[in-house]
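Have a look at the structure below, then the notes.
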Amino acid sequence: MSTLKETLFKKIEAHRPRTTRLIKEFGDVKLGEYTMAQTIGGARGIKALVTDISYLDPDEGIRFRGKTISETFEALPTAEGCAYPSVESFWYFLLTGDVPTEEQVDEVKADFASRSKVPQYVFNMLRALPMETHPMTMFSSAILALQNESVFAKRYHDITKMEYWDPTYEDACNLMAKLPEIAAFIYRHKFKGGDIIPSDTSLDMGANFAQMMGIPAPYDDVARMYFIIHSDHESGNVSAHATHLVASALSDAYYSLSAGINGLAGPLHGLANQEVLSWTKQFMEKLGGKVPSKEKLTEALWDTLKSGQVIPGFGHAVLRKTDPRYTAQREFCLKTPGLNEDPLFQLTSLIYEVAPGVLLEHGKAKNPWPNVDAQSGVIQQYYGLTEYDFYTVLFGVGRALGVLANIVWDRGLGYPIERPKSVTTEMLEKAAGIV
Ligand code: HAX
């Protein structure tokens, strides 16, 4: 058993009594009340999910295993010449809550290398899809096609409930080891005439992904940063919740992740990174590539709102301040010569100055500040990844880290099948005393 798996097993075993005790001895303790508006409004804010992997504070933003984004970057080991920690070290940290040693990170790298071979039928299936298929459809289909490989599905009838975490962990690692190559294949197949660059598993995930994409350094660091900051955002967001929900039926990690990726493909969720770039670029093209004045930008933002569209990249269901994932990417842009002068970055900075005021005046959005998606496309396009309908796939590789770590723990702690209760409109009217 690898150090990671052994450590994880010990942590799961140590954690189980805490969950069991809470259910047995304190199952009737009330966590709060909820309102009609919350029930109609997408279960907003109802405390109905448990995770110890990350927590989203409305004002402070995300903490992974108790650490903010900058604390996470600082704590995890960074290979020589790299500005960001390896994705492998982050995977160890997300699963166990422990900062791994360099030897432990090397072990994860070697383990991923041994699991990384993508079966040929996945590539054949992707090649058979119409070329105009959206990259997210390709990505989700490839994950689902791999379900054939599920260790959980094969072992399910031979193991007990408390052992479910083990094959789920195997499926999660097998998926994480393969997703970067699948993502890069989709990119090169769809946008680079099928000129595929083979995987080099002697490299860490960030460097290997950059080379399979055909983008030179420092894109390896961009990939590391990008995958880490997009990984987890507690359990209530659409992609995490969809993955958890499907896994709660004991569907394996392939079915579950594919469902989560389908949720990520919505424009109010992960696809917002594509929407931001398409909105911003179209606007700049109209102005002949120039950064607009504040007045012109204000006008364009109002035009978008008046046409009934949302301003992509702004607002959040939980956050009430600027998203620290936005800030982490902005800091990367500011400290990168060339990128800090890029017209698209300048326009994004101007939108940051203007859009919150417009949204406040508009008076609807509870949070007028930018989220993760407002900044991410700027970095990608600067490094030559201009095909913005691919951006959500990058988000998906990162998000897989978080949602897969979560479903391993879900199985470890034996969380049951999800089954919230629905009511009819008439029942709500009766509760309101109007019928
Ligand atoms: N532009 C215009 N209107 C907005 C808005 C925005 N950026 N953000 C919220 N609103 C509107 C909502 O549409 C809603 O309008 P109605 O009352 O007419 O339905 C109202 O303000 C209240 O919404 P809210 O409570 O502030 O926000 P929600 O929790 O309902 O929605 C969203 C959160 C992120 C979906 C929302 O802010 C939005 O649509 N933002 C733009 C899309 C986007 O950037 N999505 C990515 C979010 C981060 C993420 O998940 N990344 O993957």
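Each ligand, and each atom within it, is numbered from 1 in the order the structure gives.
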Of all the non-hydrogen atoms in the protein, which one sits nearest to [atom], and at what distance?
| atom | answer |
| --- | --- |
| atom 44 (O) of ligand 1 | Gly313 N, 2.7 Å |
| atom 50 (O) of ligand 1 | His269 ND1, 2.9 Å |
| atom 22 (C) of ligand 1 | Lys364 O, 3.6 Å |
| atom 40 (N) of ligand 1 | Phe314 O, 2.8 Å |

Atoms of ligand 1 close to [X] [distance to a heavy atom under 4.0 angstrom, numbered from 1]:
| X | result |
| --- | --- |
| Leu359 | 1 (N), 2 (C), 6 (C) |
| Gly270 | 52 (O) |
| His316 | 33 (C), 34 (C), 37 (O), 48 (C) |
| Asp373 | 46 (C), 48 (C), 49 (C), 51 (N), 52 (O) |
| Ala272 | 43 (C), 44 (O), 45 (N), 46 (C) |

Between [X] and ligand 1, does any nitrogen or oxygen pair lie at a separation below 3.5 Å?
| X | result |
| --- | --- |
| Lys366 | yes |
| Val310 | no |
| Phe395 | no |
| Leu305 | no |
| Ile311 | yes |
| His362 | no |

(message) Could you check whether atom OH of Tyr121 has more than 12 heavy atoms from other residues, nucleotides or ligands sitting under 6.0 Å from it?
(response)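 Yes - once you tally the heavy atoms of other residues, nucleotides and ligands closer than 6.0 Å, there are more than 12.
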(message) Once salt bridge (Lys or Arg N to Asp or Glu O under 4.0 Å) is applied, what residue pairs with a partner in residues 121-149 remain, sequence neighbours excluded?
(response)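 Those involving residues 121-149 do not exist here.
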(request) Start with the C-alpha distance between Thr322 and Tyr352, add both sets of side-chain angles, then the distance that settles side-chain hydrogen bond (donor to acceptor under 3.5 Å, both in side chains), and finish with yes or no. (result) CA-CA 10 Å; Thr322 296; Tyr352 187 23; 3.0 Å; yes
Between [X] and [Y], ring centroids under 6.0 Å:
| X | Y | result |
| --- | --- | --- |
| Phe185 | Phe123 | yes |
| Trp369 | His316 | no |
| Phe209 | Phe227 | yes |
| Phe395 | Tyr226 | no |

(request) Please report the closest heavy-atom contact between Tyr383 and Ile215, naming both atoms and the distance. (result)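 Closest heavy-atom pair between Tyr383 and Ile215: O-CG2, 3.3 Å.
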With backbone taken as N, CA, C and O and side chain as the heavy atoms from C-beta onward, which portion of [X] lies under 4.0 Å from ligand 1: side chain, backbone, both, or neither?
| X | result |
| --- | --- |
| Asn273 | neither |
| Asn371 | side chain |
| Leu268 | both |
| Arg44 | side chain |

Could you tell me whether the side chains of [X] and [Y] share a donor-acceptor contact shorter than 3.5 Å?
| X | Y | result |
| --- | --- | --- |
| Ser86 | Asp204 | no |
| Arg399 | Ser239 | yes |
| Trp279 | Thr304 | yes |

With a 4.0 Å cut-off, strictly under, does [atom] pick up any protein heavy atom?
| atom | answer |
| --- | --- |
| atom 19 (O) of ligand 1 | no |
| atom 14 (C) of ligand 1 | no |
| atom 33 (C) of ligand 1 | yes |

(request) Would you check if the side chain of Asp166 reaches a backbone N or O of Tyr169 as a donor-acceptor pair within less than 3.5 Å? (result)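 Not confirmed, Asp166 side chain does not pair with Tyr169 backbone.
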(request) Using the ring-ring contact (aromatic ring centres under 6.0 Å, His included) rule, pick out the option among Tyr255, Tyr254, Tyr164 that qualifies with Phe152. (result)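 With Phe152 as partner, Tyr255, Tyr254, Tyr164 yield a single ring-ring contact (aromatic ring centres under 6.0 Å, His included), made by Tyr164.
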(message) I want to confirm something. Looking only at heavy atoms, which of Ala365, Ala317, Gly266 is nearest to atom 10 (N) of ligand 1?
(response)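 Closest candidate by heavy-atom distance is Ala365.
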(request) To the nearest 0.5 angstrom, please state how far the CE atom of Met225 sits from the SG atom of Cys82. (result)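 The CE atom of Met225 sits 13.5 Å away from the SG atom of Cys82.
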